[in-house]
Amino acid sequence: MNAPQSPVLKIKNLTKRFGDRGSAGLKDISFSLFRGQTLAVVGASGSGKTTLARLVMRLSDPGEGSIHLNGQDITALRGEALRRIRGRFQMVFQDPLAAFNPHANVRRILEAPLRLHGLAGSAAYGAVIGAALERVGLSAGLADRLPLELSGGQRQRVAIARALMTKPDLIVLDEPVSALDVSVRAQILNLLLDLQEEAGNAYLFISHDLAVVRAFADEMIVLEDGRIAESGSTDTVLGDPKAEATRVLIDAVPRLLR
Ligand SMILES: Nc1ncnc2c1ncn2[C@@H]1O[C@H](COP(=O)(O)OP(=O)(O)OP(=O)(O)O)[C@@H](O)[C@H]1O
Ligand SMILES: [Mg+2]
């Protein structure tokens, strides 16, 4: 692990409250994520995982605390300034169908980030998109398909290809394989690992599946009611859990999978 550089993502004392009572949300979250690393965020349903992902992606505004991306303070970026750095961090959702325009074929889906960020002349789109499909193990012939005409695994590959178009430093993955069959799950996780090895992206990996987390992530944090209950290397946290919240998650894993 190569931790001496500055972190790709640095979160400090992040807090988010919903509504007046301020019970839900996030409280005092701090962590750093380095190039080539995967940090898993686990926790029971409602513990704040997606809330954290949305804050990191600047899709919602934090109450307090700061978010630095490659040393730049992006906590309060808005409008054009935010749009300009959007390509540096991308997100892959659990359900790509909900994240795709259902009427756009794969070619248009993959062109969108190129247009938005002015990344290639339109004459080069065909070649760039062909290469992007190949990188995620799809044939160029799929470019004409609509999202509904793809399998779940193919769809998630397109979502990953789209996220990679801007060569992001950070990819936030919110339950990226939970909706997939077990066999396809392993293929997609292996693809993500291969891509990370090639490009050195940092992954913030949200999951409730500890078997997947163990295989996929270097470090992990356990959220409980919006707070970090425990954090550390995946081996340490899962091998010798200290927090009750971690033990509850481990006990929920079917015995055969442990
Ligand atoms: N926009 C919102 N307004 C009010 N409350 C919200 C909002 N978004 C999330 N919450 C609340 O914040 C808490 C954390 O929700 P979040 O979606 O982050 O959980 P999660 O860990 O992603 O859960 P799951 O595993 O079910 O996806 C929950 O109590 C939720 O009801
Ligand atoms: Mg969620």
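FYI, side chains are in, hydrogens and waters are out, and symmetry mates aren't considered; it's all heavy atoms of this structure. None of these values were measured; they are calculated from a predicted model. One-based numbering, in listed order, for ligands and for the atoms of each. If you read the sequence from its start, that first residue is 1, and numbering goes on from there.
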> Under 3.5 Å between some N or O of ligand 1 and some N or O of S45?
Replying inline: yes
> Which residue holds the protein heavy atom closest to atom 17 (O) of ligand 1, what is that atom called, and what is the gap in Å?
Replying inline: T50 CB, 3.8 Å
> When hydrophobic residues are tied together by side-chain contacts of less than 4.5 Å, even through go-betweens, does I85 share a cluster with L55?
Replying inline: yes
>> So is G43 touching ligand 1 or not, going by heavy atoms under 4.0 Å?
In response: no
>> If you compare all heavy atoms of T246 against all heavy atoms of E230, which two are closest, and at what distance to 0.1 Å?
In response: OG1-OE1, 2.6 Å
> How far is atom 29 (O) of ligand 1 from its nearest protein heavy atom, and which residue and atom name does that atom have?
Replying inline: A24 CB, 3.7 Å
> Is there a protein heavy atom at a distance of less than 4.0 Å from atom 7 (C) of ligand 1?
Replying inline: yes
> Looking at ligand 1, does S60 have a heavy atom less than 4.0 Å from it?
Replying inline: no
> So is F18 polar-close to ligand 1, meaning N/O to N/O under 3.5 Å?
Replying inline: no
>> Restricting to non-hydrogen atoms, name the atom on R88 and the atom on K167 that form the minimum distance, rounded to 0.1 Å.
In response: NH2-O, 2.9 Å
> Can you list the ligand 1 atoms lying under 4.0 Å from a non-hydrogen atom of A44?
Replying inline: 21 (O)
>> Would E64 and R17 count as a side-chain contact (heavy atoms from CB on, under 4.5 Å) here? Give the steps.
In response: CA-CA 9 Å; E64 290 131 46; R17 291 182 196 86; 3.3 Å; yes
>> Show, in sequence, the C-alpha distance, side-chain angles and deciding distance for T166 and Q90, and conclude whether the side-chain hydrogen bond (donor to acceptor under 3.5 Å, both in side chains) test is met.
In response: CA-CA 8 Å; T166 59; Q90 296 284 357; 2.9 Å; yes
> Identify the closest protein heavy atom to atom 28 (C) of ligand 1: which residue and atom is it, and at what distance?
Replying inline: G46 O, 3.7 Å
> In terms of side-chain geometry, is the basic nitrogen of R155 or D95 positioned less than 4.0 Å from the acidic oxygen of its partner?
Replying inline: no
> Do you see a donor-acceptor pair shorter than 3.5 Å between the side chains of Q196 and T38?
Replying inline: yes
> So, T51 and the Mg ion (ligand 2): N/O/S under 2.8 Å, yes or no?
Replying inline: no
> For ligand 1, which atoms, with element, lie under 4.0 Å from some heavy atom of T51?
Replying inline: 9 (C), 14 (C), 15 (O), 16 (P), 18 (O)
>> Strictly inside 4.0 angstrom of atom 25 (O) of ligand 1, do you find any protein heavy atom?
In response: yes
> Can T75 and D73 be counted as having a side-chain donor-acceptor contact under 3.5 angstrom?
Replying inline: yes
